[in-house]
Amino acid sequence: MATPRLSRWVAAVLGVVALAAALAAGHLVAGFVGVNASPYLAVGNGAIDLTPVWLKDFAVRTFGTHDKLVLLSGMAVVLVLVAAAAGLLSRRTPWPGLVVVTGLGLVGLLAVYARPDLDAVALLAPLASLVAGVAAFAFLHRLARRDAAPADGLSRRTVLLAGAGVVVGAGVAGLGGQLLARTRDAASSREAVGRLVPVRTAPAIPADADFAKLGTPTFVTRNADFYRVDTALSVPQVRAEDWSLRLHGMVDREIRYRYGDIRNRPLVERTITMTCVSNEVGGTYVSTANFVGVDLADLLEEAGVRPGAEQLFSSSVDGWTSGSPVAAAMDRGRGAMLAIGMNGEPLPIEHGFPARLVIPGLYGYVSATKWVTDLEVTTWSARQAYWLKRGWGREAPIKTESRIDTPKGFETVPSGKVRVAGIAWAQHTGIAKLEVRVDGGPWREAMLSREVNPNTWRMWWLEFDAAPGGHQVVCRATDKSGYTQTETRAGTVPDGATGWHSIAFTAR
Ligand SMILES: Nc1nc2c(c(=O)[nH]1)N[C@H]1C(S)=C(S)[C@@H](COP(=O)(O)O)O[C@H]1N2
Ligand SMILES: [Mo]
C-alpha cells in the first residue's frame with residue numbers, strides 16, 4: 001500500500017504548530033527555573049555575544065534601542081520558516097521533521113548551557129522544549145497521516161481539533177510561564193529591600209544647577225529617563241537574597257559579601273554623571289543620578305590589594321565583563337562605588353539590581369558593571385574584558401564634551417532674542433568654560449550653571465540676536481585642566497567620539 005502524502009499546507013502548518021508547542025513548553029518551565037532559561041531568549045542572548053562588531057554597530061545605528069526587538073522578530077521569522085520547511089520535508093514520513101525539530105531543540109539546550117548566569121536546573125526548560133516539540137510533531141503527524149488515508153476513517157475535524165488543542169495548550173503554557181516568572185523575579189525582592197538611607201547624603205542640588213526652564217535636562221535624571229546600554233536581551237533577574245559578590249585575585253584575603261553585608265554598612269550617596277563610550281557628538285547616552293552605596297576602596301582595602309595589581313576585572317551575572325584600573329578604583333578622591341541605590345530607590349533592575357560599579361570619570365564599559373557578582377584583582381595581561389576583546393580601548397577616561405539642547409536642530413524660532421542652552425561634561429576634571437559661536441563669528445562665553453561637583457555635568461546658556469533667516473550654532477567646552485574640546489571629529493570606536501556639536505536653525 002502506498003504511504004499517503006500530506007498536503008503541503010497541512011505539512012507546513014504541522015511544523016509551525018509543533019514549534020509553538022516547543023517554545024511554549026520551554027517558556028512554561030522557565031517560569032519555574034528562571035525566565036532567562038527560556039530557550040528562545042537564551043538563543044537570542046547567545047546570538048548577541050557571537051555577533052561580529054561591525055554587525056552590532058550596524059544594528060545599533062540602524063535600529064537604535066529597537067535592535068533587540070528586531071533580533072527577536074528576525075529569530076521568530078527564521079524559526080517559523082525552518083519549522084514550515086521541516087513539515088514540508090515530512091509529507092511522507094515524520095523522520096526528516098523530527099530530525100530538524102531535535103536539531104532546534106539541541107540549539108536551545110546548547111544556548112542555555114552556555115549562559116554563565118544559569119545553573120543545571122535551567123536546562124530543564126530547553127529540555128521541555130525538545131520533548132514537547134518532538135512529541136507534538138510525532139503526534140500531529142500521525143493523526144494527519146491517518147486523515148490522509150481515508151480508509152482509516154479519521155475525520156478532518158479530529159485532526160483540526162487536535163491541532164487547535166495543541167495551539168491553545170501552547171498559548172496557556174506560554175502565558176503561564178510568563179506569569180510564573182513574574183512572581184519569582186527580582187521585582188518583589190527589590191520591593192522588599194525598601195528605602196536605603198545613606199549616613200552621608202549627597203549635598204542638595206542647588207536650584208541654579210540646571211537651566212531646565214531654558215531647555216536643558218534636569219540636573220538629576222529620573223530613573224525612568226536614565227540612558228540604558230547593555231548587551232542583555234532580557235534583563236538579568238537576580239534576587240538580593242541570592243546575590244553575593246566575590247572579591248579575590250591579587251589580594252591578601254578573599255572576601256564574599258552578601259547583600260545584607262553591603263546594605264548594613266554606612267552608606268554614602270554621590271551625585272555622578274555617567275557617559276557611554278558609544279555616545280556620538282550630540283548624543284543622549286549621558287545621565288546623572290544620586291548613587292547610594294559603599295566605597296569600592298573600602299572593600300579593596302579590606303581584602304588587601306597586593307603590589308603589582310593593575311586591573312579590577314569585574315563580571316556580571318550574565319557573563320559580561322569589564323576591566324578598570326585598580327588605581328582609579330582605589331583613589332578616594334574619585335569616589336568609586338559599589339552602588340546599590342539610585343535616586344532614593346534600590347537600583348532599578350535594568351540598571352543593575354542588586355549591585356553595580358560606578359567609577360566617576362571613566363566610560364561605562366570600563367567602570368560600571370551592572371548585576372556585578374565577581375571582582376578579581378589582577379593584571380592587564382591576565383584578563384581581557386568583553387569590549388576590549390572586541391576592539392575597544394583598554395583605558396577609557398571620559399572625554400570633555402558639550403551638547404546643544406535648544407534650539408533643536410532645524411527648528412524654526414521667532415527672530416530677535418534667541419537663547420541657546422545645553423550641557424557640558426568633563427567628569428573628574430570639571431568644566432571651566434563653555435563658548436558658543438554663531439554663524440562663524442567670534443566665540444562668546446556662555447553662562448554656566450553652578451557646579452555641583454567635578455564628576456557631574458554643567459548646564460549653560462547664551463542669548464543673542466538672530467535676524468530672520470538660517471543660522472548655525474556651535475559650542476565647545478574647556479575643562480579645568482585647561483584643555484579645550486578638539487574640533488577634530490572622531491567616531492566612538494575605540495575610546496569615545498570627539499568634535500564640536502553644531503546645529504542649524506531658522507529664525508522667522
Ligand atoms: N552587565 C553589564 N553591565 C554593563 C554593561 C553591559 O552590557 N552589561 N554595559 C556597560 C556600559 S557600555 C554602560 S555605558 C553602562 C550603562 O549603564 P546604564 O545602563 O545604567 O546607564 O553600563 C555598563 N555596564
Ligand atoms: Mo557604554
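What you see is a predicted model; the values in this text were computed from it and never measured. Indexing begins at 1, ligand by ligand and atom by atom, following the structure's order.
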Atoms in ligand 1 with a heavy atom of [X] nearer than 4.0 Å:
| X | result |
| --- | --- |
| Cys276 | 14 (S) |
| Gly364 | 10 (C), 11 (C), 13 (C), 14 (S), 23 (C) |
| Tyr365 | 11 (C), 12 (S) |
| Ser316 | 1 (N) |
| Phe226 | 21 (O) |

Carefully, step by step, assess Lys480 and Glu451 under the rule salt bridge (Lys or Arg N to Asp or Glu O under 4.0 Å). CA-CA 12 Å; Lys480 288 185 172 168; Glu451 179 172 72; 2.7 Å; yes
Does atom CZ of Arg253 have more than 12 heavy-atom neighbours from other groups under 6.0 Å away? yes
Once rounded to the nearest 0.5 Å, what's the spacing between atom [atom1] of [X] and atom [atom2] of [Y]?
| X | Y | atom1 | atom2 | result |
| --- | --- | --- | --- | --- |
| Gln311 | Leu388 | CD | CG | 8.0 Å |
| Asn290 | Thr201 | CG | OG1 | 9.0 Å |
| Ser324 | Glu310 | OG | CD | 13.5 Å |

How far is [atom] from its nearest protein heavy atom, and which residue and atom is that?
| atom | result |
| --- | --- |
| atom 23 (C) of ligand 1 | Ala368 O, 3.5 Å |
| atom 3 (N) of ligand 1 | Lys370 N, 3.0 Å |
| atom 17 (O) of ligand 1 | Arg356 NH2, 3.0 Å |
| atom 4 (C) of ligand 1 | Trp320 CZ3, 3.5 Å |
| atom 9 (N) of ligand 1 | Val229 O, 3.2 Å |

Examine the proximity of ligand 1 to [X] and report which part, side chain or backbone, both or neither, has a heavy atom under 4.0 Å away.
| X | value |
| --- | --- |
| Asp318 | side chain |
| Tyr386 | neither |
| Tyr363 | neither |
| Tyr227 | both |

Start with the C-alpha gap between Tyr40 and His27, add the side-chain angles, then the distance that decides, and say whether ring pair (Phe, Tyr, Trp, His ring centres under 6.0 Å) holds. CA-CA 8 Å; Tyr40 190 51; His27 208 62; 8.6 Å; no
Any salt bridge linking Asp261 with Arg263? Criterion: basic side-chain nitrogen under 4.0 Å from a carboxylate oxygen. no
Would you indicate which of Met274, Arg228, Glu350, His351 comes nearest to atom 20 (O) of ligand 1 when only heavy atoms are counted?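 Result: the heavy atom closest to atom 20 (O) of ligand 1 is in His351.
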Trace of the ring pair (Phe, Tyr, Trp, His ring centres under 6.0 Å) decision for Trp500 with Trp443: CA-CA 13 Å; Trp500 296 339; Trp443 287 102; 5.1 Å; yes
Measure from NZ or CZ of Arg394 to the centre of the six-membered ring of Trp380, then state whether that distance is under 6.0 Å and the direction lies within 45° of the axis.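 Yes, a cation-pi geometry holds between Arg394 and Trp380.
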How are the rings of Tyr259 and Trp243 set relative to one another: parallel (under 30°), tilted (30 to 60°) or perpendicular (over 60°)? perpendicular
